[in-house]
Amino acid sequence: MDAIGDAYLRCPWTANALAVCHLRLGNTARAVRLLRYIATEHASFELRADVPMVFKTNLATALLVGGNADEFLNTLDKLGGEDHPSARQLRATAARWKKSLSAWQRFWWNIGGVAPRRPRLDGPLGDLRDRPVGGRVCPLPPQGDGK
């Protein structure tokens, strides 16, 4: 995957697919970095409203897998997309996790303690179900002049 270089940055769909590959291979830090690049405002790290929901849910997943339960839950709160299958799945995961905590664990976590364990995801990591719609959404890489 390193052979791809920076070409993925020109096409957010390619960057998303590469991030999911990194996530599934255990390269969580790379996945988070790519997904932050395509799903958040660069100055504030707030979720962008103009990107597909799947980019944002993949970022939330990468944060969770990377061990950052608090940032995962914060991202989940800001997602929107109530009808999106990935958002619904992540919300169900978070609800199951919160329900599994004892009263003491919830108390400790709510006052700023570290989450006792992180939520467990079902199925493969990352979502590649959504696809770009209509026409070419990613610029083609530069071509040689054939000489």
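Values below: all heavy atoms of this structure, side chains included; hydrogens, waters and symmetry mates excluded.
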Subject >> Test item: Lys56 side-chain N/O and Arg48 main-chain N/O as donor-acceptor pair under 3.5 Å >> reply: yes
Original post:
Which of these passes side-chain contact (heavy atoms from CB on, under 4.5 Å) with Leu35: Leu59, Thr61, Leu63?
Top reply: Leu59
**OP:** Any chance you could measure Leu64, atom CG, to Leu76, atom CG, to the nearest 0.5 Å?
**Re:** 9.5 Å
Original post:
For the residue pair His42 and Tyr37, does the interplanar ring angle fall in the parallel (under 30°), tilted (30 to 60°) or perpendicular (over 60°) class?
Top reply: tilted
Original post:
Taking C-beta and beyond as the side chain, do Cys21 and Arg24 meet within less than 4.5 Å on heavy atoms?
Top reply: no
**OP:** Could you tell me the separation between the OG1 atom of Thr28 and the CG atom of Leu23, rounded to the nearest 0.5 Å?
**Re:** 6.0 Å
Original post:
Can you find a heavy atom in the side chain of Asn16 that is under 4.5 Å from one in the side chain of Ile38?
Top reply: yes
Original post:
Which heavy-atom pair separates Ala60 from Phe72 by the least distance, and what is that distance?
Top reply: O-CD1, 3.2 Å
Original post:
Do Arg36 and Glu71 meet the salt-bridge criterion of a basic N to acidic O distance under 4.0 Å?
Top reply: yes
Subject >> Whether His22 side chain and Ala29 backbone form a donor-acceptor pair below 3.5 Å >> reply: no
Original post:
Donor-acceptor pair, Arg30 side chain versus Ala19 backbone, under 3.5 Å?
Top reply: no
Original post:
Can any side-chain N or O of Asp127 pair as donor or acceptor with the backbone N or O of Val54 at less than 3.5 Å?
Top reply: no
Original post:
Can you tell if the side chain of Thr75 reaches within under 4.5 Å of the side chain of Lys78, non-hydrogen atoms only?
Top reply: no
**OP:** Output the distance between atom CG (Leu34) and atom CZ (Phe55), rounded to the nearest 0.5 Å.
**Re:** 11.0 Å
**OP:** Answer whether the closest heavy-atom distance between the side chains of Trp97 and Leu73 falls below 4.5 Å.
**Re:** yes
**OP:** Please name all residues satisfying side-chain contact (heavy atoms from CB on, under 4.5 Å) with Ala87, sequence neighbours left out, ordered by chain then number.
**Re:** Thr57, Leu79, His84, Arg91
Original post:
Can you tell me if Ser44 uses its side chain to pair, donor with acceptor, with the backbone of Glu46 under 3.5 Å?
Top reply: yes
